There are 2 protein chains.
Amino acid sequence: MPIPSNYSSPTRVSAKKRAFAQIQEWIIDGTLQPKEKLNDAELAQALGVSRTPIREALQLLNVQGLVEMFPGVGTQVTSVKKEDITKILPPLGALEALAAELATPLITQDTIDTLREINSAFARAIKKGDFYSALKQDEKFHNIIVENAQNQYLANSVSNLQAHVLRLYFHQSIILTDTSIDEHESMLKAFENRDPETAAKIARTNWLRAIDEFYAEQKDSRE
Amino acid sequence: MPIPSNYSSPTRVSAKKRAFAQIQEWIIDGTLQPKEKLNDAELAQALGVSRTPIREALQLLNVQGLVEMFPGVGTQVTSVKKEDITKILPPLGALEALAAELATPLITQDTIDTLREINSAFARAIKKGDFYSALKQDEKFHNIIVENAQNQYLANSVSNLQAHVLRLYFHQSIILTDTSIDEHESMLKAFENRDPETAAKIARTNWLRAIDEFYAEQKDSRE
DNA sequence: AAACATTTGTCCGTATGTATA
DNA sequence: ATATACATACGGACAAATGTT
(Lines give C-alpha, C1' and ligand atoms only; values in the text may rest on other atoms or scores of the structure.)
Protein backbone atom coordinates (compact mmCIF):
# COMPACT_ATOMS: atom_id res chain seq x y z
CA MET A 1 0.00 0.00 0.00
CA PRO A 2 1.52 3.29 -1.06
CA ILE A 3 1.94 5.91 1.60
CA PRO A 4 1.24 9.49 0.57
CA SER A 5 4.52 11.37 0.82
CA ASN A 6 2.92 14.43 2.38
CA TYR A 7 1.25 12.46 5.13
CA SER A 8 2.74 13.98 8.24
CA SER A 9 2.26 17.66 7.47
CA PRO A 10 -1.50 18.14 6.97
CA THR A 11 -3.01 17.25 10.32
CA ARG A 12 -0.12 16.75 12.70
CA VAL A 13 -1.62 19.03 15.33
CA SER A 14 -1.72 18.38 19.04
CA ALA A 15 -4.93 17.56 20.86
CA LYS A 16 -4.55 20.81 22.75
CA LYS A 17 -4.51 22.88 19.57
CA ARG A 18 -7.46 21.05 18.11
CA ALA A 19 -9.40 21.52 21.34
CA PHE A 20 -8.48 25.19 21.45
CA ALA A 21 -9.54 25.83 17.85
CA GLN A 22 -12.78 23.90 18.23
CA ILE A 23 -13.91 25.45 21.50
CA GLN A 24 -12.94 28.91 20.29
CA GLU A 25 -15.03 28.39 17.17
CA TRP A 26 -17.98 27.23 19.25
CA ILE A 27 -17.75 30.31 21.44
CA ILE A 28 -17.38 32.71 18.52
CA ASP A 29 -20.25 31.31 16.47
CA GLY A 30 -22.52 31.07 19.49
CA THR A 31 -22.73 27.28 19.74
CA LEU A 32 -21.46 27.86 23.24
CA GLN A 33 -23.47 30.76 24.55
CA PRO A 34 -22.25 33.50 26.89
CA LYS A 35 -22.46 32.43 30.54
CA GLU A 36 -22.68 28.78 29.49
CA LYS A 37 -20.96 26.42 31.85
CA LEU A 38 -17.94 24.58 30.51
CA ASN A 39 -17.36 21.19 32.09
CA ASP A 40 -13.95 19.93 31.10
CA ALA A 41 -14.91 16.27 31.50
CA GLU A 42 -17.84 16.74 29.12
CA LEU A 43 -15.74 18.59 26.58
CA ALA A 44 -13.06 15.91 26.87
CA GLN A 45 -15.58 13.21 26.05
CA ALA A 46 -17.09 15.26 23.22
CA LEU A 47 -13.70 15.74 21.60
CA GLY A 48 -12.45 12.27 22.40
CA VAL A 49 -9.47 13.31 24.49
CA SER A 50 -8.58 13.47 28.15
CA ARG A 51 -9.11 16.45 30.43
CA THR A 52 -5.51 17.63 30.18
CA PRO A 53 -5.57 19.15 26.68
CA ILE A 54 -9.05 20.55 27.37
CA ARG A 55 -7.86 22.23 30.54
CA GLU A 56 -4.89 23.71 28.70
CA ALA A 57 -7.07 24.97 25.87
CA LEU A 58 -9.49 26.55 28.34
CA GLN A 59 -6.62 28.35 30.06
CA LEU A 60 -5.54 29.86 26.76
CA LEU A 61 -9.11 30.92 26.02
CA ASN A 62 -9.18 32.43 29.49
CA VAL A 63 -6.17 34.58 28.66
CA GLN A 64 -7.87 35.60 25.44
CA GLY A 65 -10.88 36.68 27.44
CA LEU A 66 -13.36 34.22 25.94
CA VAL A 67 -13.83 32.13 29.07
CA GLU A 68 -13.64 32.98 32.74
CA MET A 69 -12.48 30.56 35.40
CA PHE A 70 -13.51 30.55 39.05
CA PRO A 71 -11.02 28.33 40.86
CA GLY A 72 -12.69 25.39 42.51
CA VAL A 73 -16.11 26.52 41.33
CA GLY A 74 -16.47 26.43 37.59
CA THR A 75 -15.56 27.67 34.15
CA GLN A 76 -17.89 29.49 31.82
CA VAL A 77 -18.03 31.40 28.57
CA THR A 78 -17.57 35.09 29.23
CA SER A 79 -20.66 37.19 28.87
CA VAL A 80 -20.73 39.64 26.04
CA LYS A 81 -22.98 42.63 25.69
CA LYS A 82 -23.59 44.17 22.29
CA GLU A 83 -22.29 47.43 23.70
CA ASP A 84 -18.88 45.78 24.09
CA ILE A 85 -18.05 47.00 20.60
CA THR A 86 -17.54 50.40 22.18
CA LYS A 87 -14.83 48.81 24.34
CA ILE A 88 -13.16 46.58 21.75
CA LEU A 89 -13.02 48.79 18.67
CA PRO A 90 -11.11 51.77 20.13
CA PRO A 91 -8.00 49.76 21.08
CA LEU A 92 -8.24 47.75 17.88
CA GLY A 93 -8.58 50.98 15.88
CA ALA A 94 -5.54 52.47 17.60
CA LEU A 95 -3.45 49.38 16.83
CA GLU A 96 -4.65 49.07 13.24
CA ALA A 97 -3.90 52.75 12.71
CA LEU A 98 -0.37 52.13 13.93
CA ALA A 99 -0.12 49.10 11.66
CA ALA A 100 -1.13 51.20 8.65
CA GLU A 101 1.39 53.86 9.62
CA LEU A 102 4.23 51.36 9.99
CA ALA A 103 3.28 49.44 6.87
CA THR A 104 3.21 52.52 4.63
CA PRO A 105 6.95 52.72 3.90
CA LEU A 106 7.32 48.92 3.76
CA ILE A 107 4.43 47.78 1.60
CA THR A 108 5.13 46.89 -2.03
CA GLN A 109 3.02 47.72 -5.06
CA ASP A 110 2.40 44.00 -5.52
CA THR A 111 0.89 43.77 -2.08
CA ILE A 112 -1.21 46.87 -2.72
CA ASP A 113 -2.53 45.21 -5.88
CA THR A 114 -3.43 42.12 -3.88
CA LEU A 115 -5.24 44.29 -1.34
CA ARG A 116 -7.16 45.92 -4.16
CA GLU A 117 -8.32 42.52 -5.35
CA ILE A 118 -9.41 41.57 -1.86
CA ASN A 119 -11.34 44.82 -1.60
CA SER A 120 -13.11 43.96 -4.86
CA ALA A 121 -14.12 40.60 -3.44
CA PHE A 122 -15.22 42.43 -0.28
CA ALA A 123 -17.33 44.81 -2.39
CA ARG A 124 -18.93 41.96 -4.35
CA ALA A 125 -19.81 40.15 -1.11
CA ILE A 126 -21.39 43.27 0.37
CA LYS A 127 -23.46 43.92 -2.77
CA LYS A 128 -24.62 40.30 -2.78
CA GLY A 129 -25.56 40.58 0.87
CA ASP A 130 -23.14 37.78 1.76
CA PHE A 131 -21.94 39.44 4.96
CA TYR A 132 -20.03 36.48 6.36
CA SER A 133 -17.91 36.27 3.24
CA ALA A 134 -17.46 40.04 3.38
CA LEU A 135 -16.28 39.77 6.97
CA LYS A 136 -13.65 37.19 6.02
CA GLN A 137 -12.38 39.38 3.18
CA ASP A 138 -12.29 42.39 5.49
CA GLU A 139 -10.29 40.37 8.01
CA LYS A 140 -7.87 39.25 5.30
CA PHE A 141 -7.43 42.84 4.12
CA HIS A 142 -6.52 44.14 7.57
CA ASN A 143 -4.33 41.15 8.42
CA ILE A 144 -2.14 41.74 5.39
CA ILE A 145 -1.58 45.31 6.51
CA VAL A 146 -0.68 44.14 10.02
CA GLU A 147 1.77 41.60 8.60
CA ASN A 148 3.43 44.29 6.55
CA ALA A 149 3.97 46.42 9.62
CA GLN A 150 6.52 43.73 10.55
CA ASN A 151 5.98 43.97 14.27
CA GLN A 152 5.22 40.75 16.12
CA TYR A 153 4.14 42.47 19.32
CA LEU A 154 1.63 44.53 17.36
CA ALA A 155 0.40 41.47 15.46
CA ASN A 156 -0.18 39.54 18.69
CA SER A 157 -2.11 42.36 20.29
CA VAL A 158 -4.32 42.70 17.24
CA SER A 159 -5.08 39.00 16.94
CA ASN A 160 -6.17 38.80 20.56
CA LEU A 161 -8.78 41.47 19.92
CA GLN A 162 -9.91 40.00 16.62
CA ALA A 163 -11.51 36.91 18.16
CA HIS A 164 -13.80 39.24 20.11
CA VAL A 165 -14.71 41.19 16.99
CA LEU A 166 -15.69 37.98 15.25
CA ARG A 167 -17.86 36.97 18.18
CA LEU A 168 -19.58 40.36 18.15
CA TYR A 169 -20.34 39.87 14.48
CA PHE A 170 -22.20 36.68 15.36
CA HIS A 171 -24.01 38.55 18.09
CA GLN A 172 -25.22 41.10 15.57
CA SER A 173 -23.26 44.00 16.98
CA ILE A 174 -21.03 44.47 13.97
CA ILE A 175 -22.67 45.73 10.85
CA LEU A 176 -20.78 45.84 7.58
CA THR A 177 -21.61 48.69 5.21
CA ASP A 178 -20.39 49.71 1.78
CA THR A 179 -18.70 52.78 3.26
CA SER A 180 -15.78 50.47 4.05
CA ILE A 181 -15.21 49.78 0.37
CA ASP A 182 -14.27 53.38 -0.36
CA GLU A 183 -12.30 53.69 2.86
CA HIS A 184 -10.22 50.69 1.92
CA GLU A 185 -9.50 52.22 -1.47
CA SER A 186 -8.52 55.50 0.20
CA MET A 187 -6.06 53.62 2.38
CA LEU A 188 -4.53 51.99 -0.68
CA LYS A 189 -4.16 55.42 -2.26
CA ALA A 190 -2.44 56.65 0.90
CA PHE A 191 -0.05 53.69 0.72
CA GLU A 192 0.74 54.52 -2.90
CA ASN A 193 1.37 58.15 -1.94
CA ARG A 194 3.55 56.96 0.97
CA ASP A 195 1.44 59.04 3.31
CA PRO A 196 1.49 57.27 6.70
CA GLU A 197 -0.57 59.88 8.58
CA THR A 198 -3.51 59.63 6.17
CA ALA A 199 -3.31 55.84 6.09
CA ALA A 200 -3.38 55.70 9.88
CA LYS A 201 -6.25 58.14 10.14
CA ILE A 202 -8.42 56.20 7.68
CA ALA A 203 -7.61 52.89 9.36
CA ARG A 204 -8.73 54.26 12.69
CA THR A 205 -11.92 55.80 11.30
CA ASN A 206 -12.72 52.58 9.47
CA TRP A 207 -13.00 50.79 12.82
CA LEU A 208 -14.54 53.52 14.93
CA ARG A 209 -17.28 54.17 12.38
CA ALA A 210 -18.72 50.76 13.20
CA ILE A 211 -19.56 52.09 16.68
CA ASP A 212 -21.65 54.93 15.28
CA GLU A 213 -23.35 52.62 12.83
CA PHE A 214 -24.23 50.20 15.58
CA TYR A 215 -25.95 52.92 17.59
CA ALA A 216 -27.69 54.29 14.52
CA GLU A 217 -29.03 50.79 13.84
CA GLN A 218 -30.13 50.42 17.46
CA LYS A 219 -31.99 53.71 17.15
CA ASP A 220 -33.62 52.64 13.86
CA SER A 221 -34.90 49.43 15.34
CA ARG A 222 -36.52 51.31 18.20
CA GLU A 223 -38.42 53.57 15.83
CA MET B 1 -3.07 28.46 69.91
CA PRO B 2 -4.74 31.47 68.37
CA ILE B 3 -5.40 31.34 64.69
CA PRO B 4 -4.85 34.58 62.81
CA SER B 5 -8.21 35.71 61.48
CA ASN B 6 -6.77 36.70 58.12
CA TYR B 7 -5.17 33.33 57.54
CA SER B 8 -6.87 32.07 54.42
CA SER B 9 -6.66 35.16 52.25
CA PRO B 10 -2.96 36.01 52.01
CA THR B 11 -1.43 32.98 50.33
CA ARG B 12 -4.35 31.01 49.00
CA VAL B 13 -2.95 30.82 45.46
CA SER B 14 -2.66 27.80 43.23
CA ALA B 15 0.65 26.16 42.45
CA LYS B 16 0.16 27.18 38.83
CA LYS B 17 -0.11 30.86 39.70
CA ARG B 18 2.90 30.72 41.98
CA ALA B 19 4.90 28.96 39.28
CA PHE B 20 3.79 31.49 36.70
CA ALA B 21 4.70 34.48 38.85
CA GLN B 22 8.05 33.02 39.88
CA ILE B 23 9.19 31.96 36.43
CA GLN B 24 8.02 35.24 34.94
CA GLU B 25 10.05 37.11 37.53
CA TRP B 26 13.11 35.00 36.79
CA ILE B 27 12.79 35.72 33.08
CA ILE B 28 12.23 39.43 33.55
CA ASP B 29 15.10 39.99 35.96
CA GLY B 30 17.46 37.85 33.91
CA THR B 31 17.86 34.95 36.35
CA LEU B 32 16.68 32.89 33.43
CA GLN B 33 18.59 34.19 30.45
CA PRO B 34 17.29 34.50 26.88
CA LYS B 35 17.66 31.22 24.96
CA GLU B 36 18.02 29.32 28.24
CA LYS B 37 16.47 25.90 28.18
CA LEU B 38 13.49 25.33 30.45
CA ASN B 39 13.11 21.76 31.65
CA ASP B 40 9.74 21.30 33.31
CA ALA B 41 10.97 18.47 35.54
CA GLU B 42 13.78 20.64 36.87
CA LEU B 43 11.53 23.61 37.44
CA ALA B 44 9.01 21.34 39.13
CA GLN B 45 11.63 20.13 41.58
CA ALA B 46 12.95 23.64 42.17
CA LEU B 47 9.49 24.93 43.03
CA GLY B 48 8.45 21.82 44.92
CA VAL B 49 5.46 20.97 42.74
CA SER B 50 4.70 18.48 40.01
CA ARG B 51 5.17 19.06 36.32
CA THR B 52 1.55 19.87 35.58
CA PRO B 53 1.37 23.38 37.09
CA ILE B 54 4.79 24.10 35.57
CA ARG B 55 3.59 23.09 32.13
CA GLU B 56 0.50 25.24 32.48
CA ALA B 57 2.52 28.23 33.64
CA LEU B 58 4.94 27.82 30.73
CA GLN B 59 2.05 27.80 28.29
CA LEU B 60 0.79 31.09 29.67
CA LEU B 61 4.29 32.56 29.45
CA ASN B 62 4.39 31.28 25.88
CA VAL B 63 1.26 33.25 25.03
CA GLN B 64 2.80 36.28 26.67
CA GLY B 65 5.81 35.87 24.44
CA LEU B 66 8.36 35.25 27.19
CA VAL B 67 9.02 31.60 26.33
CA GLU B 68 8.89 29.69 23.08
CA MET B 69 7.89 26.06 22.84
CA PHE B 70 8.99 23.60 20.18
CA PRO B 71 6.63 20.63 20.50
CA GLY B 72 8.48 17.46 21.25
CA VAL B 73 11.81 19.25 21.22
CA GLY B 74 12.14 21.76 24.00
CA THR B 75 11.07 24.95 25.68
CA GLN B 76 13.27 28.00 26.11
CA VAL B 77 13.23 31.61 27.15
CA THR B 78 12.62 33.83 24.13
CA SER B 79 15.58 35.76 22.90
CA VAL B 80 15.44 39.49 23.27
CA LYS B 81 17.45 42.04 21.41
CA LYS B 82 17.91 45.51 22.81
CA GLU B 83 16.47 46.85 19.57
CA ASP B 84 13.17 45.21 20.48
CA ILE B 85 12.19 48.43 22.20
CA THR B 86 11.55 49.81 18.72
CA LYS B 87 8.97 47.04 18.30
CA ILE B 88 7.35 47.13 21.72
CA LEU B 89 7.05 50.81 22.46
CA PRO B 90 5.03 51.91 19.40
CA PRO B 91 2.04 49.64 20.12
CA LEU B 92 2.32 50.39 23.82
CA GLY B 93 2.45 54.11 23.09
CA ALA B 94 -0.61 53.89 20.87
CA LEU B 95 -2.56 52.07 23.58
CA GLU B 96 -1.42 54.35 26.39
CA ALA B 97 -2.37 57.36 24.27
CA LEU B 98 -5.84 55.90 23.87
CA ALA B 99 -5.98 55.24 27.61
CA ALA B 100 -5.15 58.87 28.35
CA GLU B 101 -7.76 60.02 25.86
CA LEU B 102 -10.47 57.81 27.35
CA ALA B 103 -9.51 58.59 30.93
CA THR B 104 -9.62 62.37 30.46
CA PRO B 105 -13.37 62.83 30.91
CA LEU B 106 -13.58 60.14 33.62
CA ILE B 107 -10.69 60.92 35.92
CA THR B 108 -11.42 62.71 39.20
CA GLN B 109 -9.41 65.48 40.81
CA ASP B 110 -8.64 63.10 43.68
CA THR B 111 -7.02 60.68 41.29
CA ILE B 112 -5.10 63.47 39.62
CA ASP B 113 -3.78 64.48 43.04
CA THR B 114 -2.69 60.89 43.67
CA LEU B 115 -0.93 60.83 40.32
CA ARG B 116 0.86 64.05 41.22
CA GLU B 117 2.15 62.43 44.41
CA ILE B 118 3.36 59.41 42.47
CA ASN B 119 5.13 61.71 40.04
CA SER B 120 6.88 63.39 42.98
CA ALA B 121 8.08 60.01 44.22
CA PHE B 122 9.16 59.23 40.66
CA ALA B 123 11.11 62.53 40.51
CA ARG B 124 12.80 61.85 43.86
CA ALA B 125 13.82 58.37 42.73
CA ILE B 126 15.28 59.72 39.48
CA LYS B 127 17.26 62.42 41.31
CA LYS B 128 18.58 59.85 43.75
CA GLY B 129 19.57 57.60 40.88
CA ASP B 130 17.31 54.84 42.18
CA PHE B 131 16.12 53.80 38.74
CA TYR B 132 14.38 50.60 39.77
CA SER B 133 12.20 52.48 42.22
CA ALA B 134 11.58 55.12 39.55
CA LEU B 135 10.49 52.40 37.14
CA LYS B 136 7.96 51.05 39.62
CA GLN B 137 6.53 54.52 40.23
CA ASP B 138 6.35 55.13 36.50
CA GLU B 139 4.51 51.85 36.07
CA LYS B 140 2.08 52.76 38.85
CA PHE B 141 1.45 56.15 37.27
CA HIS B 142 0.56 54.71 33.87
CA ASN B 143 -1.47 51.84 35.32
CA ILE B 144 -3.75 54.24 37.17
CA ILE B 145 -4.44 56.04 33.93
CA VAL B 146 -5.22 52.77 32.17
CA GLU B 147 -7.58 51.76 34.99
CA ASN B 148 -9.41 55.04 34.68
CA ALA B 149 -9.97 54.49 30.99
CA GLN B 150 -12.37 51.78 32.20
CA ASN B 151 -11.76 49.44 29.30
CA GLN B 152 -10.83 45.87 30.15
CA TYR B 153 -9.78 44.99 26.61
CA LEU B 154 -7.40 47.94 26.59
CA ALA B 155 -6.06 47.06 30.03
CA ASN B 156 -5.33 43.48 29.00
CA SER B 157 -3.52 44.52 25.85
CA VAL B 158 -1.37 46.95 27.82
CA SER B 159 -0.44 44.49 30.55
CA ASN B 160 0.72 41.92 28.02
CA LEU B 161 3.19 44.42 26.64
CA GLN B 162 4.34 45.64 30.03
CA ALA B 163 6.13 42.44 30.98
CA HIS B 164 8.34 42.91 27.95
CA VAL B 165 9.07 46.51 28.87
CA LEU B 166 10.17 45.40 32.32
CA ARG B 167 12.47 42.79 30.86
CA LEU B 168 14.01 45.37 28.53
CA TYR B 169 14.70 47.55 31.54
CA PHE B 170 16.73 44.73 33.07
CA HIS B 171 18.53 44.31 29.76
CA GLN B 172 19.55 47.96 29.82
CA SER B 173 17.48 48.99 26.83
CA ILE B 174 15.15 51.29 28.73
CA ILE B 175 16.65 54.41 30.12
CA LEU B 176 14.70 56.63 32.47
CA THR B 177 15.34 60.35 32.23
CA ASP B 178 14.01 63.38 34.05
CA THR B 179 12.19 64.53 30.91
CA SER B 180 9.42 62.18 31.96
CA ILE B 181 8.80 64.16 35.14
CA ASP B 182 7.68 67.24 33.23
CA GLU B 183 5.77 65.16 30.69
CA HIS B 184 3.81 63.52 33.48
CA GLU B 185 2.95 66.92 34.91
CA SER B 186 1.86 68.13 31.47
CA MET B 187 -0.47 65.15 31.20
CA LEU B 188 -1.99 65.98 34.57
CA LYS B 189 -2.56 69.54 33.38
CA ALA B 190 -4.25 68.19 30.26
CA PHE B 191 -6.51 66.04 32.46
CA GLU B 192 -7.42 69.08 34.55
CA ASN B 193 -8.20 71.04 31.38
CA ARG B 194 -10.25 68.08 30.11
CA ASP B 195 -8.18 68.10 26.94
CA PRO B 196 -8.08 64.50 25.67
CA GLU B 197 -6.11 65.22 22.49
CA THR B 198 -3.23 66.81 24.37
CA ALA B 199 -3.24 64.10 27.03
CA ALA B 200 -3.08 61.41 24.34
CA LYS B 201 -0.32 63.16 22.44
CA ILE B 202 1.87 63.51 25.52
CA ALA B 203 1.27 59.92 26.58
CA ARG B 204 2.38 58.70 23.18
CA THR B 205 5.46 60.93 23.09
CA ASN B 206 6.36 59.85 26.61
CA TRP B 207 6.81 56.28 25.39
CA LEU B 208 8.25 56.90 21.95
CA ARG B 209 10.91 59.24 23.32
CA ALA B 210 12.52 56.25 25.03
CA ILE B 211 13.36 54.90 21.57
CA ASP B 212 15.29 58.03 20.61
CA GLU B 213 17.03 58.11 23.96
CA PHE B 214 18.08 54.51 23.59
CA TYR B 215 19.71 55.20 20.24
CA ALA B 216 21.33 58.40 21.52
CA GLU B 217 22.81 56.37 24.38
CA GLN B 218 24.02 53.69 21.98
CA LYS B 219 25.70 56.40 19.93
CA ASP B 220 27.30 57.95 23.02
CA SER B 221 28.77 54.66 24.11
CA ARG B 222 30.36 54.17 20.71
CA GLU B 223 32.09 57.53 20.84
C1' DA C 1 -22.86 22.01 61.71
C1' DA C 2 -21.41 18.36 59.08
C1' DA C 3 -21.40 15.27 55.49
C1' DC C 4 -22.11 15.24 50.43
C1' DA C 5 -21.75 16.11 45.60
C1' DT C 6 -19.45 18.44 42.07
C1' DT C 7 -15.67 20.58 39.93
C1' DT C 8 -11.25 22.07 39.74
C1' DG C 9 -6.24 21.32 40.92
C1' DT C 10 -2.35 18.29 41.14
C1' DC C 11 0.46 14.20 40.68
C1' DC C 12 2.74 10.73 38.23
C1' DG C 13 3.03 7.04 34.83
C1' DT C 14 3.20 6.10 30.03
C1' DA C 15 3.15 6.98 25.03
C1' DT C 16 4.89 9.56 21.32
C1' DG C 17 7.84 12.14 18.92
C1' DT C 18 12.51 14.27 17.89
C1' DA C 19 17.37 14.65 17.65
C1' DT C 20 21.81 12.42 18.05
C1' DA C 21 25.31 8.78 18.24
C1' DA D 1 19.89 3.05 9.15
C1' DT D 2 19.00 1.72 13.75
C1' DA D 3 19.06 2.37 18.27
C1' DT D 4 19.17 5.25 22.13
C1' DA D 5 18.41 9.12 25.04
C1' DC D 6 15.57 12.73 26.21
C1' DA D 7 11.73 15.97 26.36
C1' DT D 8 7.18 16.81 25.60
C1' DA D 9 2.07 15.30 25.15
C1' DC D 10 -1.45 12.88 27.06
C1' DG D 11 -4.16 9.99 30.17
C1' DG D 12 -6.24 8.59 34.39
C1' DA D 13 -6.47 8.65 39.37
C1' DC D 14 -6.36 11.10 43.54
C1' DA D 15 -6.57 15.29 46.50
C1' DA D 16 -8.43 19.70 47.68
C1' DA D 17 -11.71 23.22 47.60
C1' DT D 18 -16.28 25.08 47.18
C1' DG D 19 -21.29 25.32 47.64
C1' DT D 20 -25.22 22.85 49.22
C1' DT D 21 -28.39 19.99 51.62
Side-chain angles (χ1 to χ4, degrees), chain A residues 3-24 27 32-33 35-78, chain B residues 3-24 26-27 32-78:
Chain A
I3 296 170
S5 59
N6 59 343
Y7 169 68
S8 61
S9 32
T11 47
R12 194 74 259 148
V13 288
S14 64
K16 180 190 84 176
K17 285 194 172 180
R18 271 186 296 126
F20 174 80
Q22 182 63 75
I23 299 171
Q24 185 187 48
I27 293 175
L32 292 170
Q33 286 286 310
K35 294 280 183 186
E36 185 162 348
K37 197 158 192 330
L38 298 173
N39 183 302
D40 56 15
E42 276 180 40
L43 287 168
Q45 194 174 4
L47 297 178
V49 294
S50 79
R51 279 179 54 219
T52 303
I54 299 292
R55 273 181 56 79
E56 293 176 347
L58 289 177
Q59 288 177 20
L60 300 184
L61 289 165
N62 178 40
V63 172
Q64 219 179 34
L66 291 177
V67 315
E68 47 190 349
M69 310 180 81
F70 302 95
V73 180
T75 302
Q76 64 183 38
V77 179
T78 52
Chain B
I3 296 171
S5 58
N6 59 344
Y7 170 70
S8 63
S9 31
T11 50
R12 192 75 262 148
V13 289
S14 64
K16 180 191 83 177
K17 284 193 172 180
R18 271 185 295 126
F20 174 81
Q22 181 62 75
I23 299 172
Q24 185 186 49
W26 281 338
I27 293 175
L32 292 169
Q33 285 286 310
K35 293 280 183 185
E36 186 162 347
K37 196 155 192 331
L38 298 173
N39 183 304
D40 56 13
E42 276 179 41
L43 288 168
Q45 193 173 3
L47 296 179
V49 295
S50 80
R51 284 166 38 219
T52 302
I54 300 292
R55 265 181 63 77
E56 293 177 346
L58 289 177
Q59 287 178 21
L60 299 183
L61 289 166
N62 177 40
V63 171
Q64 219 180 34
L66 290 179
V67 316
E68 46 190 348
M69 311 181 80
F70 302 94
V73 179
T75 302
Q76 63 184 39
V77 179
T78 53

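Just so we're on the same page: letters track the sequence lines, and every chain starts at 1. Every value quoted in this text rests on a predicted model; they were computed, and no experiment measured them.
Between the side chains of B/Gln76 and B/Glu68, at least one donor N or O lies within less than 3.5 Å of an accepting N or O. For the residue pair B/Gln59 and A/Gln59, no side-chain donor N or O sits within less than 3.5 Å of a side-chain acceptor on the partner.
Here the nucleotide nearest the side chain of B/Pro53, chosen from C/dC11, D/dC10, D/dG11, is C/dC11. Residue B/Glu56 places its side chain closer to C/dT10 than to any other of C/dC11, C/dT10, D/dC10. Across C/dT10, C/dG9, D/dA7, the shortest atom-to-atom separation from the side chain of A/Arg51 is found for C/dG9. If you check D/dT18, D/dC10, D/dT8 against the side chain of A/Val73, the one that comes closest is D/dT18.
In this structure, B/Leu58 reaches neither bases nor backbone, as no heavy-atom distance under 4.0 Å exists between it and the strands shown. Among the heavy atoms of the strands, none lies under 4.0 Å from B/Ile54.
Atoms CD (A/Gln76) and P (D/dG19) sit 13 Å apart, rounded to a whole Å. Taking atom CD of residue A/Glu68 and atom P of nucleotide C/dT7, one finds them 17 Å apart after rounding to whole Å.
Projected onto DNA chain D by closest heavy-atom contact, B/Ala41 and A/Pro71 fall at different nucleotides, the more 5' of which corresponds to B/Ala41.
Note: B/Gln22 CD to B/Leu32 CG = 9.0 Å, rounded to the nearest 0.5 Å. The line from CD of A/Glu42 to CG of A/Leu47 is 11.5 Å long, rounded to the nearest 0.5 Å.
At C/dT10, none of the side-chain N or O atoms of B/Thr52 fall inside 4.0 Å of OP1 or OP2 (strictly under the cut-off). Of the side-chain N and O atoms in A/Thr75, one or more sit less than 4.0 angstrom from OP1 or OP2 of C/dT8. Residue B/Arg55 has no polar side-chain atom (N or O) positioned under 4.0 Å from OP1 or OP2 of D/dT8. Applying the 4.0 Å criterion to OP1 and OP2 of C/dC11, one finds that B/Ser50 has a side-chain N or O inside that range.
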